[in-house]
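To start, the structure itself, in structure tokens.
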Amino acid sequence: MVQYNFKKITVVPNGKDFVDIILSRTQRQTPTVVHKGYAISRIRQFYMRKVKYTQQNFYDKLSTIIDEFPRLDDIHPFYGDLLHVLYNKDHYKLALGQINTARNLISKVAKDYVKLLKYGDSLYRCKFLKVAALGRMCTVIKRIGPSLAYLEQIRQHMARLPSIDPNTRTILICGYPNVGKSSFINKITRADVDVQPYAFTTKSLFVGHTDYKYLRYQVIDTPGILDRPFEDRNIIEMCSITALAHLRAAVLFFLDISGSCGYSIAQQAALFHSIKSLFMNKPLMIVCNKTDLQPLDGISEEDKKLVTEMKDEAMKTVIGQGGEATDEAGVLLTMSTLTEDGVISVKNAACERLLNQRVELKMKSKKLNDCLNRFHVAMPKPRDQKERPPCIPEAVLEARAKQAEADAEKQKKKLERDLENENGGAGVYSASLRKHYLLANEEWKEDIMPEILDGHNVYDFVDPDILQRLEELEREEGLRQEEEGDDDFEMDGAELTPEEKAALAEIRKKKSLLIQQHRMKKSTAESRPTVPRKFDKDKEFTSKRMGRQLSALGLDPTLAINRARSKSRGRKRERSVECGDDIGNDAMDVDEITPSKNCSRGGLQGQTPEGKGYKDV
């Protein structure tokens, strides 16, 4: 679990914003109205409250800044030295000290002016004492403006620092620049570190996480280190030195045996010997990278000698941890991050070495004895010389045998991936979907079934009962046609009288005429514009025509004609009889006018008609 989360530090405002925040809060949270007629004690209390409230706000805000920023002497040495490397702890402590001094000065100013306000003899004097107190407080804040700006820059940078837990299982990667450290952490974790073919691409610490034996490991990628005196190293290199000095981790020293990084094996060996004091009491492994460009066996004898010396130094860490001198395989490893050859083996070896070391340390600690005192392991003693093998039921043995046979069949059965690899790989091998068909003959699976044969669709003749169903369908169709034939009854006119024949001919003629008119209307309905009735030149739709048609049917057309005329006649705007007559007869006698409902839209506003309103009880 990460102990330090610098992202939660509150934003530090600059001097001007600080003053605006506090004064606006004082204006909003305290009373704002006072009169000279108030008692002098009330006036004093009014202004004393403003001074005390402002001082308390300044004190709380500055205390939050001081408390949230970490104290270098109280945090883990790794973070203490890292902050010293990045920000210079002297400047950091000086800025926090100025904030603390300003807090004390503001408290002292408020205390002094509250004493003076207790003896204020007028509204004017109390008001100017309050103004002087708030002015001195704001002056103190403006003087520490540079310190506030410096702390805000530090806060922004600290929020971007990686969340590193100094006490968890950690793998540390170090070495010269451009030897493949960032590529390795990208391969074994989900970290996305920028990789470029030039030195010092990585300028700060980067963290990734990986799993091994159901445990989470923290992998740290450090910037490259150059072989030069300690005083000449820059901030980027000092970040790596700080991590090597303070973190309990398994160290992977990367060695570029191809020389493509721009540094020879001799220079890399010199760097190893200059910083080997930082590897004490830590699992150390030498990782020879870029074996795809230059294998380890192909280097010169001098370089092999240098690599052997580095391996011997790494073996001392194994012996110091209680290991055997024959464990050389876990000290010198080779890999290539480009082809990923040996990447997983390097990760597993580092995790195993670190896990063994942590277990040994716990076994040697005093806490182990406290835990062992609580346990008692009972070892039964044999009561006689008779052997008593374990009794396993037959059903269990049979189940185990069946399970073993099933596992053997699964191992024998080839998967599609195996068949694909055997037959040319992806793009060459095509999986057959017919081999799982359940057919009467296995040879039919690969037969090619035509879709069209002799001009007919093959799938139309797949059903074996197709002929029988076709006959049933034809029989049903014949029955329906017979029923429809019976329903279609047409008069032949042989049994009709001459008058009925004439009426029938008239009906048929009228019917055909209506059908033709309907077809004509339907064909031109979309293109024909809608013409108003007043533009009907042919006068087809008139009230007289409607009257003749209704009279022919034996109906009285009078009411229909009158209604049609009333609907078509426009309404004229007429003056109300009541209102018009009254106003016209006596226009000047205003007091005599009695407004009615027709003349007034709202009626009488101040009177309630009889029968309405509340009841008189």
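Positions are given from 1 along the sequence.
Considering only heavy atoms from C-beta on, Leu62 comes within 4.5 Å of Ile141 through its side chain.
A side-chain donor-acceptor contact under 3.5 Å links Lys347 to the backbone of Asp211. Side-chain atoms of Arg434 never come within 3.5 Å of backbone atoms of Trp444 as a donor-acceptor pair (strictly under, hydrogens ignored). Here the side chain of Asn14 pairs a donor or acceptor atom with the backbone of Asp17 at under 3.5 angstrom. Put simply, the side chain of Asn186 gets close to the backbone of Val193: a donor and an acceptor are under 3.5 Å apart.
Distance check, rounded to the nearest 0.5 Å: CE of Met158 to OH of Tyr87 gives 5.5 Å. With rounding to the nearest 0.5 angstrom, the CD1 atom of Ile22 is 11.0 Å from the CD atom of Gln55. One distance of note links CG of Leu134 with OG1 of Thr54; it measures 4.0 Å at 0.5 Å rounding. The distance from the CZ atom of Arg400 to the CD atom of Gln403 is 11.0 Å, given to the nearest 0.5 Å.
The pair Glu152-Arg155 counts as a salt bridge, with a side-chain nitrogen and a carboxylate oxygen less than 4.0 angstrom apart. Using a 4.0 Å cut-off between charged nitrogen and carboxylate oxygen, Glu506 and Lys510 do not count as a salt-bridge pair.
Side-chain contact check for Thr202 and Ser182: at least one donor-acceptor pair (N or O, by modelled atom type) lies under 3.5 Å.
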